[in-house]
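Letters A, B, ... mirror the listed sequences (proteins, then strands); counts begin at 1.
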Amino acid sequence: MSYEREFLLSLFRTMVTIRRFEERVKYLFLEGVMPGTIHQYHGQEAIAAGVCAALDRNDVITSTHRPHGHAIAKGLGVAPLMHELFGKPTGCCRGKGGSMHVGDLSKGMVPAIAIVGSGVPVATGMALAFRLRKEPRVAVCFMGDGAVNEGAFHEGVNMGAIWSLPVVYVIENNRYSASTPIADTVKLEHLADRAAGYGIPGVTVDGNNVLAVYECTRAALDKARAGEGPTLVEALTYRITGHSRRDPCNYQPEDERKKALEHEPIGHFTAWLLEQGAADQAALEAIGAEVDAEIECAVKSAMGAPDPRPEDALGDVYA
Amino acid sequence: MSYEREFLLSLFRTMVTIRRFEERVKYLFLEGVMPGTIHQYHGQEAIAAGVCAALDRNDVITSTHRPHGHAIAKGLGVAPLMHELFGKPTGCCRGKGGSMHVGDLSKGMVPAIAIVGSGVPVATGMALAFRLRKEPRVAVCFMGDGAVNEGAFHEGVNMGAIWSLPVVYVIENNRYSASTPIADTVKLEHLADRAAGYGIPGVTVDGNNVLAVYECTRAALDKARAGEGPTLVEALTYRITGHSRRDPCNYQPEDERKKALEHEPIGHFTAWLLEQGAADQAALEAIGAEVDAEIECAVKSAMGAPDPRPEDALGDVYA
Amino acid sequence: MARMTIAEALRQGLREEMARDQRVFCIGEDIGVPGGWGGAFTVTLGLERDFRERMIDTPISENGFIGMALGAAIMGMRPVADVQYGDFLLCAMDQIVNQIAKMRYMSGGKLRVPLVLRAPVGATGRGAQHGQNLEAMFLNVPGLKIVCPATAYDAKGLLKAAVRDDNPVLMFEHKLLYGAKGARAESGSLDASSEIPEEDYAVPIGRGVVRREGSDVTIVGTLLMMHRALAAAELLAGEGIRAEVIDPRSLVPFDWDLVAGSVQKTSRLVVVTEGPRTGSVASEIAATAGETLMDYLTAPVARVTSPDIPDPFAPPMENFYRPTAERIADAARRSVGAI
Amino acid sequence: MARMTIAEALRQGLREEMARDQRVFCIGEDIGVPGGWGGAFTVTLGLERDFRERMIDTPISENGFIGMALGAAIMGMRPVADVQYGDFLLCAMDQIVNQIAKMRYMSGGKLRVPLVLRAPVGATGRGAQHGQNLEAMFLNVPGLKIVCPATAYDAKGLLKAAVRDDNPVLMFEHKLLYGAKGARAESGSLDASSEIPEEDYAVPIGRGVVRREGSDVTIVGTLLMMHRALAAAELLAGEGIRAEVIDPRSLVPFDWDLVAGSVQKTSRLVVVTEGPRTGSVASEIAATAGETLMDYLTAPVARVTSPDIPDPFAPPMENFYRPTAERIADAARRSVGAI
Ligand SMILES: Cc1ncc(C[n+]2csc(CCOP(=O)(O)OP(=O)(O)O)c2C)c(N)n1
Ligand SMILES: Cc1ncc(C[n+]2csc(CCOP(=O)(O)OP(=O)(O)O)c2C)c(N)n1
Ligand SMILES: [Mg+2]
Ligand SMILES: [Mg+2]
């Protein structure tokens with residue numbers, strides 16, 4: 001087994017942090033104490049964790065309406081996130097962004113872009129900046145499967161391709177765009193097949209296998225850094241929660257959902273770690289406990305933090 | 001030779017009408033008597049002629065900023081066109097559209113859409129209407145090579161594909177988008193290769209060979225009418241005139257231009273007709289003379305027609 | 001008669017129009033998915049059971065399917081397209097503004113574009129990209145009609161008028177007024193339900209209505225702001241200020257006679273719109289009032305709007321962004337000289 | 001000092017800023033193609049010879065390359081993007097309005113978006129899809145600054161201020177004012193050339209200027225309309241009416257003090273904009289004037305605009321669409337009671 005134990009456990013910790021964070025947030029919504037709406041990351045943890053583990057400190061990401069997992073994996077910290085979800089001035093966007101726009105560029109994450117597909121040109125433009133300044137950095141664009149049908153995807157990926165920019169496009173194919181099966185909106189076996197139309201490589205990877213995602217991302221990053229241009233990565237996964245707050249998911253067939261739950265990434269990785277002897281149950285539970293404590297502390301501090309003053313809304317429009 | 005003489009001569013007549021019309025229009029512009037701007041069709045005549053000859057009377061087309069050839073091939077008549085170019089109330093759009101928006105839906109041509117790529121969703125929507133009403137009609141969408149990089153192209157073609165709508169997408173690849181070589185803005189051998197990303201067939205045809213265009217269009221129309229969905233047709237050609245009024249074309253390499261002139265479609269077809277004995281020089285010249293007379297008469301009537309009253313501008317905004 | 005929410009009234013209106021006219025169809029995202037939601041706000045819930053072929057679930061391609069609606073419309077269909085949030089109209093501006101609004105004019109009046117485009121608006125705790133009121137942007141686009149129902153009765157009646165109109169009609173609906181129930185209910189919602197007549201009816205596009213009579217000051221607002229204006233009028237009544245509340249219902253064409261008549265009576269005008277102040281719907285109404293009613297006005301026309309900022313996420317800031325009954329009442333008090 | 005057209009002044013301004021600051025680059029269609037045109041109106045002609053890497057010729061993908069400009073801007077570059085015709089901004093509204101204008105706000109003020117977006121406007125014989133003046137649409141979008149130079153001096157000065165500004169600046173340029181020469185000259189053009197100083201200068205965004213002093217009526221207009229207003233003032237002078245002509249130069253932020261000061265002196269205001277009347281820039285200025293200057297106004301604020309129609313192709317109709325000096329003068333005569 002060629003991975004350092006610390007590395008494997010850090011992947012585990014990231015995935016568990018995302019899962020527990022989302023579970024806690026869902027609960028806060030059901031309690032009615034959290035404002036706004038949410039799109040949660042349950043079931044896709046291996047993608048954010050695997051991709052971000054492969055990034056250099058100076059690499060950057062764009063995110064979507066479903067950004068909590070990306071933010072945690074990119075290291076924004078659960079507290080600034082939780083504070084943002086509660087709309088506090090102490091949040092990562094000072095309470096002005098909210099769940100759908102969490103981000104912190106000082107940590108390499110652009111405020112999440114909640115218009116489907118619109119992050120593609122933005123990530124491509126960040127890569128252009130790296131090219132013009134000859135910096136060895138890469139931009140990674142996270143998007144959902146539904147984004148591949150937006151014009152912005154087409155225009156952005158094509159320009160990334162023709163100029164061989166240092167950008168990696170990661171499609172998290174969780175099989176649904178809101179309630180619509182992706183199979184109904186593309187006439188393709190794999191979304192990665194779209195890559196051919198832009199003259200770039202497309203790869204389909206098991207998005208529930210964190211190490212597979214990690215390796216595939218590393219390869220794409222190496223190509224990008226070497227000036228060989230973008231890769232279109234399709235990570236296959238499943239959304240094991242509602243599309244957004246309070247979605248009963250009646251459009252997801254029972255059996256499909258059951259099967260997906262059996263293959264969810266954290267259980268999968270946990271079994272593998274134990275089987276490889278990379279860690280024992282106790283060690284993993286200890287991590288879970290630490291994570292829970294961290295999240296609880298974030299919730300407390302967020303709920304205790306002062307609200308913004310109404311007139312604070314007037315600032316930050318112009319520099 | 002499996003074509004009727006009349007049919008071959010009608011193709012010839014259409015191509016010659018387009019060429020002479022454009023030459024006359026260019027001259028009118030140089031004389032300074034014609035208002036507005038123009039994008040001319042010189043060198044692409046075989047595409048409009050070949051495609052439209054394959055259409056049924058009830059089939060419809062969308063066009064672009066370079067629409068004169070499509071309009072003539074679709075049978076709008078040179079007089080209503082010429083009147084429109086002069087901004088006369090007797091024009092096909094009553095002087096409100098102008099060169100970039102000529103059309104007449106009663107003849108099956110939507111007013112030309114001068115925003116690159118924007119005709120793709122519109123044509124796809126016309127095909128949707130045919131599908132919903134179970135009519136055996138097809139919509140043909142003409143576009144330039146540059147249109148394949150617009151988001152509207154991507155979204156429209158994808159929906160035509162997933163619903164197998166009766167629409168044919170015809171890319172007139174004249175090698176340039178304004179002054180920009182198409183080779184610089186796509187990373188592909190053939191634009192038809194984009195079809196794979198939508199799960200539909202893509203075909204590249206010699207756009208300077210009117211019969212090749214005709215046959216290829218017929219095949220695509222048959223598929224479309226049979227419910228087998230769209231085809232992406234790439235017709236290879238060359239723009240042997242400026243992009244628009246008064247473009248010196250200094251970005252087109254001399255030799256490339258010379259070669260293109262040798263392969264321009266009318267000379268090519270003329271030689272073939274003579275060689276096949278489908279017509280003799282005299283017959284072809286007679287057609288040319290008839291066409292010139294028709295155009296002259298259109299110019300005279302257009303220049304003599306009364307101008308619109310300024311306040312006529314106020315009408316036709318709402319039904 | 002039956003009491004209905006806006007979501008229910010729109011659903012019934014769509015059902016009746018689709019039953020009446022084979023040319024009517026719906027196109028949009030997640031509108032007819034079995035087990036789904038009937039669009040983002042339940043308006044089309046269940047319609048796919050009766051009209052499977054005419055409930056078209058699209059990819060996430062706003063510019064594409066709105067352009068397709070145009071193509072279908074000029075071929076004689078009567079599409080009803082919708083975006084899940086008004087903000088996504090920005091993805092389709094080329095088709096809406098360059099194509100849909102101008103196609104008839106460019107054809108020299110030969111084409112008709114019978115098309116309805118529905119868009120939910122309003123600041124509702126989702127942040128800057130899901131809370132814009134974009135009505136103002138389309139005021140400057142000739143060729144479009146614009147309606148803004150504030151009640152279930154008007155929602156159904158204006159929808160029917162729009163479906164039967166031979167022009168493109170943009171219909172703005174407010175997320176806090178749908179009255180969507182159960183899992184899809186919006187927090188902070190107002191009751192905009194109405195008694196809906198059994199018989200078929202349409203509300204004429206371009207005709208406004210007086211929601212409350214008064215003689216001291218005229219308050220004009222649509223959608224949520226109409227309800228806030230009524231609440232303000234109630235506050236003012238307690239202070240002896242009689243406010244007249246007008247709901248134009250349509251922005252284009254605009255029922256100017258109704259507003260003018262009221263201002264000639266009250267001599268004071270307060271115009272309310274949700275969304276940024278500069279270049280707002282309120283600005284247009286104020287400009288026309290200043291131009292045509294100067295001799296009647298005894299106080300400056302007051303605009304009550306959001307500040308010139310994006311929609312902020314945190315509730316305290318968003319509540320500051322959205323005009324309140326108190327702010328509307330204050331403007332009225334100032335115009336009558338009560339403060 | 002050297003006399004330059006707007007196209008030349010913008011070209012020199014871009015050249016100087018790119019030489020001064022490595023972070024500045026241009027991105028757009030046909031802007032740097034050898035043997036090409038330097039964009040649709042020759043502004044970038046030849047710049048690729050000195051700045052090949054920083055003159056980026058794009059595919060026809062407005063939403064894409066404008067979104068890329070945003071991405072580059074937040075990473076510290078200073079992009080100058082341009083569309084060939086302002087009408088094509090409609091293809092990129094999502095990036096401009098949902099992303100560019102809001103990115104800083106959504107970040108809680110942590111991000112800066114130093115980006116310039118240039119767009120040629122004006123009705124110029126090309127029909128409805130190549131002649132729109134879309135300034136009004138962006139007034140209602142907080143987060144953007146908007147400038148509208150009417151002279152070569154201002155064009156260069158405002159471009160430099162925009163490039164150096166840490167916010168997104170939308171720069172509207174008028175096709176009839178570029179003064180492009182030779183093959184690319186526009187028929188119907190006006191001379192907007194200026195003496196351009198040798199030394200570096202910038203025109204502050206948000207500061208207007210009095211183009212002609214007068215005491216009877218204030219006429220406000222930008223771009224081509226500023227020149228038409230000057231022509232109108234000349235006509236009026238012959239009749240003994242002294243018009244003051246103000247060129248705001250920026251629409252956001254707007255130099256309200258300048259206009260207010262003038263109206264306090266003249267007591268009459270005529271606002272001119274090219275483009276449809278309803279929801280126009282003129283409406284916004286008129287609304288603010290009515291709200292804040294009512295006590296000074298002795299006549300209603302008059303709006304002189306295009307009618308609410310798309311830009312028609314035929315010259316007689318298009319000349320009717322575009323406000324003329326005669327129509328502006330008429331509005332002024334009416335406001336001073338001369339007719
Ligand atoms: C342009 C645009 N259209 C529609 C929406 C509404 N919407 C939000 S999420 C979503 C589904 C996105 O599906 P996908 O891209 O697969 O991401 P997922 O939700 O599965 O993570 C839709 C339609 C949007 N945010 N932006
Ligand atoms: C959306 C949009 N962007 C830019 C333009 C300006 N423009 C007009 S024609 C043209 C080139 C189009 O190239 P192509 O599609 O190959 O058609 P061709 O001119 O070669 O017939 C451009 C950039 C436009 N009309 N629409
Ligand atoms: Mg998905
Ligand atoms: Mg071309």
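Side chains of A/Arg66 and A/His243: a donor on one and an acceptor on the other come within 3.5 Å. A donor-acceptor contact closer than 3.5 angstrom is absent between the side chains of C/Arg322 and C/Asn133. With hydrogens and angles left out, the side-chain atoms of C/Arg303 and C/Ser283 include a donor and acceptor closer than 3.5 Å. Looking only at atom types and distance, the side chain of C/Gln132 has no donor-acceptor partner in the side chain of C/Asp311 under 3.5 Å away.
Ranked by heavy-atom pairs shorter than 4.5 Å toward chain A, the options C/Cys91, C/Gly125, C/Ala314, C/Pro315 are led by C/Ala314. Ranked by heavy-atom pairs under 4.5 Å with chain C, the first of A/Asp312, A/Asp247, A/Asp184 is A/Asp247. By number of non-hydrogen pairs under 4.5 angstrom with chain C, the leading residue of A/Ser179, A/Gly87, A/Gly98 is A/Ser179. Of all the listed residues (A/Ile182, A/Val186, A/Ile38, A/Leu314), the one sharing the greatest number of non-hydrogen pairs under 4.5 Å with chain C is A/Leu314. When each of C/Ile309, C/Asn63, C/Leu90 is checked for heavy-atom pairs under 4.5 Å with chain A, C/Ile309 comes out on top. In terms of non-hydrogen atom pairs under 4.5 Å with chain C, the most contact-rich of A/Gly315, A/Ser244, A/Pro310 is A/Pro310. When each of A/Gly151, A/Gly97, A/Pro89 is checked for heavy-atom pairs under 4.5 Å with chain C, A/Gly97 comes out on top.
Checking side-chain atoms of A/Asp193 against main-chain N and O of A/His190 turns up a donor-acceptor pair under 3.5 Å. Here the side chain of C/Ser61 pairs no donor or acceptor atom with the backbone of C/Gly64 at under 3.5 angstrom. In this structure, C/Arg54 contributes its side chain and C/Met18 its backbone to a donor-acceptor pair below 3.5 Å. A donor-acceptor pair is defined here as one N or O able to donate and one able to accept, closer than 3.5 Å; such a pair exists between the side chain of C/Arg327 and the backbone of C/Thr305. Under the 3.5 Å distance criterion, the side-chain polar atoms of A/Asn173 are left unmatched by any main-chain donor or acceptor of A/Gly144.
For C/Asn319, no part lies under 4.5 angstrom from a heavy atom of chain A. At a 4.5 Å heavy-atom cutoff, the contact between C/Glu62 and chain A is made by backbone and side-chain atoms alike. For C/Phe88, the part lying near chain A is the side chain, with the backbone staying farther off; criterion is any non-hydrogen pair under 4.5 Å. At a 4.5 Å heavy-atom cutoff, the contact between A/Asp307 and chain C is made by side-chain atoms alone. Proximity to chain C is absent for every atom of A/His65, based on heavy atoms less than 4.5 angstrom apart. Looking at A/Ser118, neither its backbone nor its side chain comes within 4.5 Å of chain C, counting heavy atoms on both sides. Residue contact with chain A, scored on non-hydrogen atoms closer than 4.5 Å, involves the backbone of C/Thr58 exclusively.
Taking the ring centroids of A/Tyr176 and A/Tyr251, they lie under the 6.0 Å cut-off. You'll find the ring centres of A/Tyr41 and A/His68 outside the 6.0 Å limit. Note: A/Tyr169 and A/Tyr198 fail the aromatic proximity criterion, with ring centroids not under 6.0 Å apart.
Within a 6.0 Å radius of CZ in A/Arg24, more than 12 heavy atoms belonging to other residues, nucleotides or ligands are found. Counting heavy-atom neighbours within 6.0 Å of A/Glu31 CD, excluding the residue itself, gives a total above 12.
Among residues 77-84 of chain A, the residues having any heavy atom closer than 4.5 Å to a heavy atom of chain C are, in sequence order, A/Glu84. Along residues 27-39 of chain C, the residues that come nearer than 4.5 angstrom to chain A, judged on non-hydrogen atoms, are C/Asp30, C/Val33, C/Pro34, C/Gly35, C/Gly36, C/Trp37 in order of number.
One finds a salt bridge joining C/Arg52 and C/Asp57 here, because a Lys/Arg side-chain nitrogen approaches an Asp/Glu carboxylate oxygen to under 4.0 Å. A salt bridge links C/Glu326 with C/Arg333: the distance from a Lys NZ or Arg NE/NH1/NH2 to an Asp or Glu carboxylate oxygen falls below 4.0 Å.
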